[in-house]
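Okay, so here's the structure we're looking at.
What's counted below: heavy atoms across the whole structure, side chains too, no hydrogens, waters or symmetry copies. Position 1 is the first residue of the sequence, and the numbers go up from there.
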Amino acid sequence: DLPGAGADEEAMTEGQLRVRVAAYAREEAWAPRYVAEELAATHNALRRRETDATVWAARAEAEPDPHEAEQLRAAAQMAQAEAGQLAVQVAQLEQADAARGEWWVETAVTRDNAERARVALGIRGITLDDPTEHITTREWIDARRAGEAEADATRQIHEHDLTNHPADTAPVADVDAASEPAPPDIRDTSRPDASEHTDPAEHRRVPLPDEAAAAVARAHTAGAEIARRAEAEAAAAAHAAELEPDEDARRAELARWADDDTTERTDEDSRTAEPDDDFVRGR
């Protein structure tokens, strides 16, 4: 199940492959925190504290020493309070975990494209994990133009080089050029969670209450973004449907064309079937 690079990636330029990798990096910026390991640890802690509360309460009822029984009841109450707090955190982490799953599905295509692009770049000897490969779009464009200018100074000119192609004469968009203000993009306003690229096993612990609350807040933000994208896709689909001809009207038109064509063929067959008067008189 390792990602591979196919014909599409082989035909892409280095810049196109880098764009695919960068696109998924932007999606990771708003990813809900991965909390599956923390959720499992919190579930286990909740069960332990509930068991402790039940056992200590039962022992307090059976303890003949009043002082010892009081201590057991206090311990049972404390364990019950901790269990209540853990139950709240479990509910919060379940929300964050569900949001993580929705984000995972929402970005599945972008993630697959990025993984395939990484493989294709690796085949070409480009390792994006190398710090020297971490460059901006403007730096990459400037470096490529400088390399092409240096190569143009010494390369031989052939006949096909003198033919202007639309792609050669089209103006290159300036990535630094000012554009019209656009609504804030969550991919620009968010930052990846610190645990996004760490080993999940390192987070198998019960998070602090503030950490669970922060995970829920991030999950709500991601959920709102997913809902916004779904609304935008639905609006685009509705607009496309309005532009397409009505299916019933289209079928009626096709049926009318078929009837007209049949009528024309019938008339033509009738004319060819009528005997020629001169030929009849000649006989």
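H197 meets the side-chain hydrogen bond (donor to acceptor under 3.5 Å, both in side chains) test with E28; sequence neighbours excluded. For V21, the side chain to side chain contact (heavy atoms under 4.5 Å, CB included) partners two or more places apart in sequence, or in a different chain, are A117, R118, L121, L128. Considering only residues two or more places apart in sequence or on other chains, A114 meets the side chain to side chain contact (heavy atoms under 4.5 Å, CB included) condition with Y24. With sequence neighbours excluded, the residues satisfying side-chain hydrogen bond (donor to acceptor under 3.5 Å, both in side chains) with S195 are D193. With sequence neighbours excluded, the residues satisfying side-chain hydrogen bond (donor to acceptor under 3.5 Å, both in side chains) with T198 are H203. In this view, T189 and P184, I186 satisfy the side chain to side chain contact (heavy atoms under 4.5 Å, CB included) rule, not counting sequence neighbours. Taking R124 as the reference, nothing meets the side-chain hydrogen bond (donor to acceptor under 3.5 Å, both in side chains) condition, with sequence neighbours excluded.
L46 and V35 fall within a single hydrophobic cluster, where Ile, Leu, Val, Met, Phe, Trp and Tyr side chains are chained together by heavy-atom contacts under 4.5 Å. Following chains of ILVMFWY side-chain contacts shorter than 4.5 Å, one cannot reach Y34 starting from L93, and the two form parts of different hydrophobic clusters.
A salt bridge is defined here as a Lys NZ or Arg NE, NH1 or NH2 lying under 4.0 Å from an Asp or Glu carboxylate O, and R116 with D8 fails to meet this definition.
Side-chain contact annotation: R47 with N44, donor-acceptor N/O pair under 3.5 Å present.
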Donor-acceptor contacts under 3.5 Å from residues 75-88 side chains, at least two apart:
residue : atom : partner : partner atom : Å
E82     : OE1  : R49     : NE           : 2.7
E82     : OE1  : R49     : NH2          : 2.9

Throw together a table of side-chain donor-acceptor distances under 3.5 angstrom for residues 227-237, partners on residues two or more places apart or in other chains.
residue : atom : partner : partner atom : Å
R228    : NE   : E225    : OE1          : 3.2
R228    : NH2  : E225    : OE2          : 2.9
R229    : NE   : E225    : OE2          : 2.8
R229    : NH1  : E27     : OE2          : 3.4
R229    : NH2  : E27     : OE1          : 3.0
R229    : NH2  : E27     : OE2          : 3.4

Tell me which donor-acceptor pairs under 3.5 Å the side chains of residues 56-64 have, and how far apart each pair is, sequence neighbours excluded?
residue : atom : partner : partner atom : Å
E63     : OE2  : D65     : N            : 3.3

Under the side-chain contact (heavy atoms from CB on, under 4.5 Å) rule, what do R18 and I126 come out as? Steps first, then yes or no, please. CA-CA 10 Å; R18 286 178 177 272; I126 302 171; 3.7 Å; yes

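For R111 and W104, the positive end sits near the middle of the six-membered ring, less than 6.0 Å away and at most 45° from its axis.
Residues E37 and T42 form no side-chain contact, since every pair of their non-hydrogen atoms from C-beta on lies 4.5 Å or further apart. Considering only heavy atoms from C-beta on, Q89 stays 4.5 Å or farther from E38 through its side chain. Residues W30 and T107 have side chains in contact (heavy-atom distance under 4.5 Å, counting atoms from C-beta outward).
Here the closest heavy-atom approach between residue A120 and residue L17 is recorded as CB-CD1, 3.8 Å. The heavy-atom pair separating A219 from P32 by the smallest distance is CA-CB, 4.4 Å. Taking both residues in full, the closest heavy atoms of A29 and R218 are given as O-NH2, 2.8 Å, listed atom of the first, atom of the second, then distance.
The salt bridge (charged side-chain N to carboxylate O under 4.0 Å, His left out) contacts involving residues 207-216 comprise R205-E211, where partners must be two or more places apart or lie in separate chains. The stretch residues 93-103 participates, sequence neighbours left out, in these salt bridge (charged side-chain N to carboxylate O under 4.0 Å, His left out) pairs: R100-E196.
In this structure, CD on E106 lies 5.5 Å from CD1 on I226, to the nearest 0.5 angstrom.
For E148, the CD atom counts as densely surrounded, since its 6.0 Å shell holds more than 12 non-hydrogen atoms of other residues, nucleotides or ligands.
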